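Comments concern the structure below.
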Amino acid sequence: MPAANPFQDPLRFERRVPPCAIVIFGANGDLTKRKLIPALYRLAYDRRIPPGFAVIGNSRTPMTDEQFRAKMREALNEFVDNTPIDEGLWDDFSKSLSYYAGDLNDPECFNLLGKKLEEIEQTRKTEGNVLFYVSTQPSHYEAAINGIGRAKLAQGSGWRRIVVEKPFGHDLATARSLNNKLHEVFSEPQIYRIDHYLGKETVQNVLAFRFGNGIFEPLWNRRYINHIQITAAESIGVEGRGSYYQEAGALRDMIQNHLLQVMSTIAMEPPAVFESDLVRDERAKVLRSIRRIKPEEVPLFSVAGQYGPASIGNKDVPGFRQEEGVSADSQTDTYSAVTVFIDNWRWADVPFYIRSGKRLPKRVTDIAIQFNAAPHSPFDRNGADSTPGSRPNLLILRIQPEEGISLRFLSKDPGEGMHLRPVSMDFNYGTSFGSRSPSAYETLLVDAMVGDATLYTRQDMVEASWAAVQPILDYRETNHVDFPNYAAGTWGPKASEEMLARRGHVWRTP
Amino acid sequence: MENTIVMTTARAASVQPEKILKDLGSLWADLGKQEENGVLRACAMTFIVTVDESQDAFSVGETIAAIMHDHPSRAIVVRVSQSDEPSLDARVLAQCWMPFGRNQQICCEQIEISSSLGSLRDVPGVIRGLIVPDLPVVLYCRNFQLSQTPQFQALLPLAGKLVIDSGSAGLEALMYLASLPQAGCRKADLTWSRLTRWRECIAQIFENPSHLQGAAALDEIEVRYAGETEPVAAYYLAAWFKHILGTDVKLSRGTGPSFAAIAGVTFLGPGFEAAVEMMDESSEETRVNGIRQRVVFPEMRECDLLREELSIMSHDPIFEAVLSLANSIREKTWREKT
C-alpha cells in the first residue's frame with residue numbers, strides 16, 4: 001500500500017487519481033460515446049485526471065487514432081452536460097486517446113494490446129497501472145477476459161483492475177459462470193462489477209441520511225415500519241432497443257440488479273466504518289437474507305406486465321409487441337413487481353414491494369417508507385378521514401428526477417374542531433442546493449481508478465440477487481401470461497394492485 | 001439549475017429585532033399569498049456580511065443570490081457609511097428563484113441594515129436578536145478596514161466562522177487573522193480558497209508514488225508571484241510546502257499570466273523536475289519529467305470562493321497550520337529585508 005499523499009486536502013478538494021491507462025473494449029459502442037468519454041472529459045475539466053493518463057479503445061471496426069478522436073469529439077458535442085468544451089483542454093485530452101482494431105477472439109489482439117500498454121507506460125508515464133473496461137456485448141465478455149488472461153495482462157508493474165458492465169449474467173447459472181471465468185484471471189479485489197445506480201448521488205445520500213443522523217435509525221425496523229415501496233418508472237418505451245430488451249425484461253434489467261441494490265442500501269445494518277468491504281458485507285448480508293420464493297408462491301409474490309398500444313396526449317403509442325425488433329408473441333416483461341421479505345431480526349415480515357416498468361405515466365424513481373399508524377387516535381370521533389390510521393406517516397426518498405426527501409405527517413386543520421390533514425415537509429437536494437452533482441459514471445470511474453470498490457457489487461452480492469429472482473425467472477419460463485396486460489401510460493397491470501391488496505396495502509402514486 | 005433571481009417585496013422595518021422579525025413574518029405571508037403553489041423557505045445558516053456603503057451595492061446582493069443555491073441562509077447585510085452622524089435603518093426582502101422544471105419558488109430571506117459609522121455600536125445588539133437559532137453563524141467582512149473598528153470587533157463573538165479577503169488588504173490582513181486567538185471563531189481567508197486550484201494540481205503531481213518519494217529529496221521549490229512584492233498567496237503556498245515537507249521555499253517575482261497572484265511553481269530534485277505554470281488567464285500547464293498536461297482554471301468569483309468556505313464549518317487543520325506558518329515566514333522575510 002503506497003503512503004497517503006500528504007498534499008491531499010479532503011476538506012477542499014476531491015481525491016486525486018493516480019496515473020493509469022484505461023483500456024475500453026467495445027470502444028465503438030454507445031456506452032463509450034454517451035457515458036465514458038463525456039465522464040472522462042468532465043473529470044479532466046475538473047482537474048481530476050492525472051498527467052500520466054491514457055485511454056486505449058478497442059473494437060472490431062478499423063479506425064485510426066485520429067478517426068477515433070474525431071468520433072469522440074462528436075460524441076462530446078452531443079452528450080456532455082453542463083460542461084463547456086474547452087478546445088485547448090480537448091486538444092490535450094485527445095492526445096491521451098488512442099485506438100486499435102482487433103477481434104477479442106484473436107490472441108493477436110491481446111499481444112498487440114500488451115505492446116501498446118508497454119509503449120504507453122513509457123510515453124505517457126502511466127506507471128504500469130491499467131483499468132480494463134469491458135463494455136462490449138455480454139456475449140463477448142468471456143473472450144475479453146480470456147484474452148487478458150492468455151496474454152498475462154492481468155498482472156504488471158502497477159495495479160490491474162477490470163470493470164464489467166451490466167448485465168452480469170442472464171440468470172444465476174450464467175452469473176456464476178462469468179464469476180468463475182473472471183476468477184481464473186483476476187482476484188476478487190481486482191474486479192469491479194458496475195451498477196450505476198449505486199453511483200447515483202441520491203442513493204449514496206440514503207446512507208448519509210440513515211447513518212449520519214441519530215433520529216431515524218431507531219425507527220428503521222419492523223416495529224415502526226409497516227412496509228416499503230420501491231418504484232422505478234419510465235415513461236418511455238424501448239426506444240429502438242427492442243431486440244436487446246426482448247432478451248432482458250424489467251425483472252432482469254432493473255430489479256435483479258439496480259433495485260435490489262437500492263433495497264439493500266435501505267435495509268442494511270450500519271457498517272462500523274465507511275470502507276469498501278465493510279459496506280459491501282452489510283449489503284451482501286441483506287441480499288442473502290431475502291426469503292426464497294417457492295415455485296407455487298411465485299404468482300402471489302410477483303407480477304409480470306407488458307404494455308399494449310394506447311393513445312397518450314393525442315399521440316398513438318405502440319405496444320411492446322409492435323416495437324421494432326420485438327416478436328409478435330413476445331413474453332418479455334416490460335413491467336415487473338415483486339414482494340420481497342428479508343428474513344432477519346430487523347425486517348422479519350415487513351414487505352418490500354418493488355416495481356419497475358416502461359411506458360408508465362411518468363419517469364420517477366423513489367423509495368416510500370410507510371410507518372405504522374399511531375397505536376391509538378384520540379381524534380377518531382371526527383370521522384374516518386381524520387384518523388391517523390387512514391393517513392400513515394410516509395417518508396419518501398426520491399432518487400430521480402427531483403432528488404430529495406419528503407416526510408408526510410398529520411397536522412391540525414386551521415379553524416374550529418380537531419380535524420387533521422396530511423402535510424408534507426420537503427427537502428430537495430438538487431433544487432435547494434444548486435451545485436452540479438457528478439454523474440454516476442464520473443463517480444464510478446474515479447472510484448475504480450483510486451481502488452475504491454464501495455459502490456461496485458461483489459461476487460456474493462451478484463449471486464445472491466440472482467438467487468432471489470431465479471424462482472420467478474424459472475416460473476415465467478414455463479408459465480406464459482396473456483400479454484399485453486396494461487395500456488401504455490398507466491401504472492401497470494391490475495394484478496400488481498392485487499398483489500398488495502392481499503396484505504391490505506396499495507401502491508402509492510409517485 | 002435555474003439562475004433566474006427574483007427580488008420580491010421589500011418592506012421598511014424599524015431597527016428593533018422584534019419588529020424586523022415581525023416584518024419578515026409578514027413578508028413570508030405575502031409571498032405565500034402571491035404564489036399559487038406557495039414558496040419554499042430555505043435556511044441553513046445565518047450569514048452576516050459587513051460592507052462599506054461605497055462598495056458596489058448590487059454586487060453584494062448578486063453574490064448572496066448566487067451562493068444561496070448551495071447555502072441558503074438568513075443573510076444580514078450591514079452597509080456602513082463613513083459618517084459619524086447617528087443613522088440606522090433596516091429593510092427586509094426575500095430573494096427567490098424558480099428551479100428549472102418546478103412550479104414552486106425557493107426563497108431566502110435577507111435583512112439589510114444601513115448604519116453610519118457613528119451608529120455601528122448599536123448594530124451587534126440588533127443582529128444578536130436576528131440570528132437563526134441552532135444553525136451556524138458566518139461573518140464575512142468584505143471590507144478589511146471595517147474589520148479593524150472596535151464596533152466590528154463586537155460582532156466577532158456572535159460568529160462561528162470569520163471570513164475575510166486578504167486579496168485586496170494584503171499583509172495587514174494576514175497579520176490580523178494570525179493574531180486572532182486559536183480558541184475563538186474559525187478563521188478563513190478567500191486568498192487561501194483561491195489557491196485551491198493550484199493545490200489540486202500540485203497534489204495531483206504527487207499522487208504518483210515515485211514522485212512522492214522524490215518530494216522528500218527536493219533541492220528546490222520555487223513559487224513565482226505576480227506583482228512587486230510577495231503577496232499573501234505566496235506566503236500561504238510557501239507555508240503549505242513547509243507544513244508538508246518541512247522545507248523552505250524560494251519566493252521570486254514571476255512574469256506572464258497569473259492566477260490568484262501566483263504565476264507558477266517549480267520543483268527540482270534528483271531525477272525529478274515538475275512545474276505548474278499559468279499559460280493564459282484561464283489555463284495552466286503541468287509538466288512532470290517531460291509529460292505535459294493542460295488544465296482549465298475557470299475564473300473564481302467571490303461567490304465561488306464563499307461557496308467553498310461555507311462548505312467548511314468544522315476546523316480546517318491545514319489552513320490553521322498554514323496561517324500560523326505563513327505569518328512566521330512573512331516576519332522572517334521582513335527581518336531579512338530590513
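Computation of the quantities below employed the complete heavy-atom set of this structure, encompassing side-chain atoms and omitting hydrogens, waters and symmetry-equivalent molecules. Owing to the predicted nature of the structure, the values given are computational and were not obtained by experimental measurement. Here is the naming used below: chain letters follow the sequence lines, and residue numbers restart at 1 for every chain.
For chain A, the nearby part of B:His315 is the backbone; its heavy atoms alone come within less than 4.5 Å. Heavy-atom distances place the backbone of A:Thr123, and not its side chain, under 4.5 Å from chain B. Within the 4.5 angstrom heavy-atom criterion, only side-chain atoms of A:Pro19, from C-beta onward, approach chain B. Contact of B:Val296 with chain A is made through backbone and side chain together, with heavy-atom distances under 4.5 Å. In this structure, the portion of B:Arg292 lying under 4.5 Å from any heavy atom of chain A is its backbone and not its side chain. Contacts between B:Ser283 and chain A at a heavy-atom distance below 4.5 Å are absent for every atom of the residue. For B:Ser314, the part lying under 4.5 angstrom from a heavy atom of chain A is the side chain only. Heavy-atom distances place no part of B:Asp280 under 4.5 Å from chain A, backbone and side chain included. Only the backbone of A:Arg48 comes within contact range of chain B, with heavy atoms under 4.5 Å apart. Only the side chain of A:Asp86 comes within less than 4.5 Å of a heavy atom in chain B; its backbone stays farther off.
With values rounded to the nearest 0.5 angstrom, A:Lys116 atom NZ is found 6.0 Å from A:Glu119 atom CD. A distance of 12.0 Å separates CD1 of A:Ile405 from CG of A:Asp366, quoted to the nearest 0.5 Å.
Each of B:Arg199, B:Met279, B:Arg294 has some count of heavy-atom pairs under 4.5 Å with chain A, and the biggest count is that of B:Arg294. If you tally non-hydrogen atom pairs under 4.5 Å between each of B:Val288, B:Asn289, B:Ile244, B:Ile205 and chain A, the highest count goes to B:Ile244. Ranking B:His243, B:Glu200, B:Gln213, B:Glu308 against chain A, the residue ahead of the rest is B:Glu200, based on heavy-atom pairs under 4.5 Å. The candidate with the highest count of non-hydrogen atom pairs below 4.5 Å against chain A, out of B:Leu245, B:Asp316, B:Asn208, B:Thr196, is B:Asn208. Of all the listed residues (A:Phe93, A:Phe53, A:Phe7), the one sharing the greatest number of non-hydrogen pairs under 4.5 Å with chain B is A:Phe7. The residue among B:Trp192, B:Phe319, B:Phe241 with the most heavy atom pairs within less than 4.5 Å of chain A is B:Trp192.
Under the 4.5 Å side-chain criterion, counting only non-hydrogen atoms from C-beta, B:Glu207 is in contact with A:Gln8. Within the 4.5 Å cutoff, side-chain heavy atoms of B:Asp189 are placed close to those of B:Ser166. The shortest side-chain heavy-atom distance between B:Thr247 and B:Leu218 does not fall under the 4.5 Å cut-off.
A donor atom on one side chain and an acceptor atom on the other are not found under 3.5 Å apart for B:Glu284 and B:Trp198. Inspection of the A:Arg124 and A:Ser96 side chains reveals no N or O donor paired with an N or O acceptor under 3.5 Å. Between the side chains of A:Arg42 and A:Thr83, a donor-acceptor pair is found at a separation under 3.5 Å.
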### Query
Where do B:Thr286 and B:Gln204 land on the side-chain hydrogen bond (donor to acceptor under 3.5 Å, both in side chains) test, with the steps shown first?
CA-CA 10 Å; B:Thr286 301; B:Gln204 185 67 72; over 6 Å; no

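Between B:Phe272 and B:Phe206, the ring planes are tilted. Angles from 30° to 60° get that label.
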